Chemist: 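Dumping the structure here so I can ask a few things about it.
Just so it is clear, the values below take in all heavy atoms, side chains as well, and ignore hydrogens, waters and symmetry mates. These numbers come from a predicted model, not from an experiment.
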Amino acid sequence: MTDSLADLPASVSPQTREALAGKFELLIDGHFVDADEGGRRTSYDPATGRPLAEVVMAGAPDVERAVAAAARAFIGPWSRLSNFERARL
């Protein structure tokens, strides 16, 4: 979304440059998905005011799906994993 990835400061890592070149989606139930509502918005670099990335804005139905997925995950095996085991995932 940036006007040019070459315009980013040299301190920006290659991984960050690659991530900014893509589009951002919601992560719900282990899958990257577009929003049912809410659409997309441009995120701006506060230091320069330039467009930085395009992000998905979750609407109420998206939040409900995410909360339901989180509840299922918590009731399932996720709640039985230690912090160390969760971090490894």
Side-chain angles (χ1 to χ4, degrees):
M1 181 69 205
T2 58
D3 292 335
S4 169
L5 294 178
D7 291 341
L8 293 172
S11 60
V12 175
S13 73
Q15 295 87 351
T16 300
R17 288 174 188 274
E18 183 178 338
L20 291 175
K23 72 175 190 176
F24 292 83
E25 298 173 311
L26 303 173
L27 178 60
I28 298 177
D29 208 10
H31 303 281
F32 287 101
V33 297
D34 280 322
D36 285 339
E37 289 186 4
R40 293 184 167 274
R41 300 250 169 94
T42 301
S43 175
Y44 294 91
D45 181 337
T48 65
R50 290 181 156 174
L52 185 61
E54 187 177 302
V55 296
V56 174
M57 302 299 291
D62 305 306
V63 173
E64 289 174 13
R65 283 190 337 205
V67 169
R72 285 191 306 276
F74 184 74
I75 292 168
W78 184 257
S79 65
R80 293 185 290 279
L81 294 176
S82 70
N83 291 342
F84 178 74
E85 292 168 316
R86 290 178 188 175
R88 285 192 331 213
L89 298 175

Chemist: Within the structure provided, determine whether Asp29 and Arg72 are in side-chain contact (heavy-atom separation under 4.5 Å).
Modeler: yes
Chemist: May I ask you to test the Val33-Val56 pair for a side-chain heavy-atom distance under 4.5 Å?
Modeler: no
Chemist: If only atom types and distance count, is the side chain of Asp62 paired as donor or acceptor with the main-chain N or O of Asp36 below 3.5 Å?
Modeler: yes
Chemist: Taking all non-hydrogen atoms of both residues, which atom of Ala47 and which atom of Asp45 are closest, and how far apart?
Modeler: N-OD1, 2.8 Å
Chemist: Mind checking whether Trp78 and Arg86 have side chains closer than 4.5 Å, heavy atoms only?
Modeler: yes
Chemist: Drop me the distance from Ser82's OG to Arg88's CZ, to the nearest 0.5 angstrom.
Modeler: 7.5 Å
Chemist: If every non-hydrogen atom of Glu54 is compared with every non-hydrogen atom of Arg40, which pair is closest and at what distance?
Modeler: OE2-CD, 2.6 Å
Chemist: Rounded to the nearest 0.5 Å, what separation is found between the CZ atom of Arg65 and the CD1 atom of Ile28?
Modeler: 4.0 Å
